[in-house]
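Labels below follow one simple rule: chain letters A, B, ... track the order of the sequence lines, proteins then strands, and each chain is numbered from 1.
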2 protein chains.
Amino acid sequence: MSAKSDPGRSLALLWGSHTRPGRSGLTVRAIVDAAIELADTEGLDAATMRRVADKIGSGTMSLYTHVPGKTELNDLMVDTVIGELYTGVDDPAGHGGWREGLRYVAERNWDVSLRHPWLLDATGGRPTLGPNAVLKYEAELRVLDGIGLTDLQMDSVLTLVLTHVEGVARSHAGLARAQRDSGLTEQEWWRATAPVLERVMTGHDFPVAGRVGEASSQVYQASADPVHAFAFGLDVILDGVQRLID
Amino acid sequence: MSAKSDPGRSLALLWGSHTRPGRSGLTVRAIVDAAIELADTEGLDAATMRRVADKIGSGTMSLYTHVPGKTELNDLMVDTVIGELYTGVDDPAGHGGWREGLRYVAERNWDVSLRHPWLLDATGGRPTLGPNAVLKYEAELRVLDGIGLTDLQMDSVLTLVLTHVEGVARSHAGLARAQRDSGLTEQEWWRATAPVLERVMTGHDFPVAGRVGEASSQVYQASADPVHAFAFGLDVILDGVQRLID
DNA sequence: AGCGTGTACCGTACGGTGTACGCCAACGGA
DNA sequence: TCCGTTGGCGTACACCGTACGGTACACGCT
């Protein structure tokens with residue numbers, strides 16, 4: 001019987017208080033905070049066990065006394081930053097109607113994705129279901145409660161909005177990372193790419209793509225504009241939800 | 001001057017014919033195909049240079065004669081499977097109105113994401129802009145041409161639909177990967193998780209989340225249902241686009 | 001035919017990853 | 001005081017991408 005991917009172990013760790021220090025002051029909290037700080041400034045890849053240990057001045061393997069493995073550390077990181085979403089700010093359900101509420105939910109999620117871009121890399125697969133994740137689910141669902149949707153529709157609408165935010169945030173994070181890695185801003189990269197692309201495309205015929213791509217890149221000065229995509233898509237989705245409610 | 005992330009080099013490779021074999025029959029085509037097959041069956045992580053080389057019976061470093069590096073190999077893999085999208089099937093623009101056309105586009109993208117789940121892991125950052133990517137862009141934009149949208153709106157609507165498909169496909173792929181890695185089906189995992197979650201949540205109060213979560217998980221027998229999210233979200237988005245056109 | 005050279009091919013090595021394993025020291029209870 | 005338990009950690013292993021340098025083949029020129 002392998003202890004691999006035992007849901008219980010991970011859940012117990014997530015819902016535990018994990019504040020008891022070891023005899024050299026090592027804490028789960030400190031480990032998670034160090035990992036988050038590394039991921040914030042240098043990306044999720046930088047949050048390796050060795051570098052986390054170095055950052056808090058302990059040996060690498062000491063971390064395994066407090067955290068079963070890398071996977072569980074990631075889960076803890078995720079639930080921790082999810083906790084930032086609605087603590088110390090307004091309750092989403094108190095933002096006027098469902099439309100303003102949903103927009104607020106989208107904006108809060110967008111903000112946290114900007115502060116912690118690695119969140120998107122760490123969340124694939126089954127959901128984490130830590131205390132803050134459940135709290136988030138509760139706060140966001142309340143926006144849609146009592147406006148004439150079934151329970152299933154409430155869940156579906158929320159999923160739709162969150163999927164959209166996650167998608168455009170991922171796009172944004174991808175471009176930011178590309179910019180950091182390559183040293184080229186979006187404008188510079190596009191100015192370098194466009195001519196090559198044009199030269200290589202001669203001979204083929206892409207009438208609509210040429211026209212629309214030209215127009216878009218003129219406005220964006222890039223290949224895409226996640227900020228615009230966020231706002232545009234959110235408006236369209238909210239209009240669609242409006243029709244669903246009617 | 002570093003050759004790192006030179007857009008021109010990658011583009012030239014993408015748009016080249018890359019069919020000329022070396023003296024032991026090694027081809028770019030063969031390398032890319034082997035990598036795709038590995039990624040299809042065992043995930044993107046399995047498509048390492050060593051394993052690709054083993055698969056085609058060459059030394060690891062021989063690959064670097066034909067492909068500058070792992071990054072460019074990924075780009076080639078991506079553009080190759082994008083080529084599967086609309087070859088040998090109907091033109092999206094010939095599928096009745098824009099609504100049916102967009103739905104067709106969404107379904108084709110969904111299908112290819114099911115066949116090649118690693119595609120989502122390989123596409124972050126700046127777009128690839130290989131020949132098949134441009135071809136795809138052209139085919140999909142034609143669906144929205146001449147229905148009263150501006151060029152920018154056409155691009156935005158297409159981006160919205162593709163972002164949605166990518167999001168739910170990523171969710172689907174994540175669940176499938178989790179299922180494969182853990183050996184637990186979604187039902188089994190949920191049956192194992194739900195009781196623990198319930199026990200750990202006693203003492204806290206999540207009225208709406210409890211009710212809605214209960215209803216959803218009853219229907220899905222899981223924590224989420226990407227197939228349902230795909231259909232539901234697409235309908236809502238199309239309704240929103242309808243309002244935009246009016 | 002003989003030779004010179006460019007290059008396809010590949011073996012080795014380096015610095016990185018997550019973590020299994022085993023040793024040591026400090027602490028708590030009897 | 002002694003001893004079992006447990007926190008801390010050093011070493012080692014199997015992987016990764018790829019820089020580097022060596023070998024041997026194919027081809028152009030005399």
What is the distance, to the nearest angstrom, from the [atom1] atom on [X] to the [atom2] atom on [N]?
| X | N | atom1 | atom2 | answer |
| --- | --- | --- | --- | --- |
| L63(A) | dG18(C) | CG | C1' | 12 Å |
| L26(B) | dT7(C) | CG | P | 17 Å |
| Y64(B) | dC20(D) | OH | P | 13 Å |
| D54(A) | dG8(D) | CG | C1' | 15 Å |
| M49(B) | dC9(C) | CE | C1' | 14 Å |
| D45(A) | dG16(C) | CG | C1' | 12 Å |
| I56(B) | dA8(C) | CD1 | P | 15 Å |
| H66(A) | dG7(D) | NE2 | P | 7 Å |

Please list, chain by chain and in numerical order, all residues satisfying side-chain hydrogen bond (donor to acceptor under 3.5 Å, both in side chains) with [X], sequence neighbours excluded.
| X | answer |
| --- | --- |
| D33(A) | none |
| D155(A) | Y137(A) |
| Q179(A) | none |
| Q187(B) | R191(B) |

Checklist entry - What do the steps show when you test H204(A) against W15(B) for ring-ring contact (aromatic ring centres under 6.0 Å, His included), and what is the final call? => result CA-CA 11 Å; H204(A) 311 77; W15(B) 289 80; 5.5 Å; yes

Out of [options], which has the shortest distance to the side chain of [X]?
| X | options | answer |
| --- | --- | --- |
| T48(B) | dC16(D), dT17(C), dG18(C) | dC16(D) |
| S58(B) | dG8(D), dC10(C), dG18(C) | dC10(C) |
| T65(B) | dG8(D), dA8(C), dT17(C) | dA8(C) |

Strictly under 3.5 Å: I want the nitrogen or oxygen pairs between protein and nucleotides 11-13 of chain C, one per line.
none

Checklist entry - Would you say L162(A) and V105(A) make side-chain contact, with heavy atoms under 4.5 Å? => result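 Answer yes - side chains close enough.
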
Item to check | Side-chain N or O of S62(B) closer than 4.0 Å to phosphate OP1/OP2 of dC10(C) | outcome: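 Yes, because at least one side-chain N or O of S62(B) sits under 4.0 Å from OP1 or OP2 of dC10(C).
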
Next on the checklist: Heavy-atom nearest nucleotide on DNA chain D for A46(B) versus G57(A): which residue maps closer to 5'?
Outcome noted: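 Its nucleotide being nearer the 5' end, the pick is G57(A).
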
Item to check | Set of ring-ring contact (aromatic ring centres under 6.0 Å, His included) partners for H228(A), sequence neighbours left out | outcome: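 For H228(A), the residues satisfying ring-ring contact (aromatic ring centres under 6.0 Å, His included) (neighbours in sequence not counted) are Y220(A), F232(A).
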
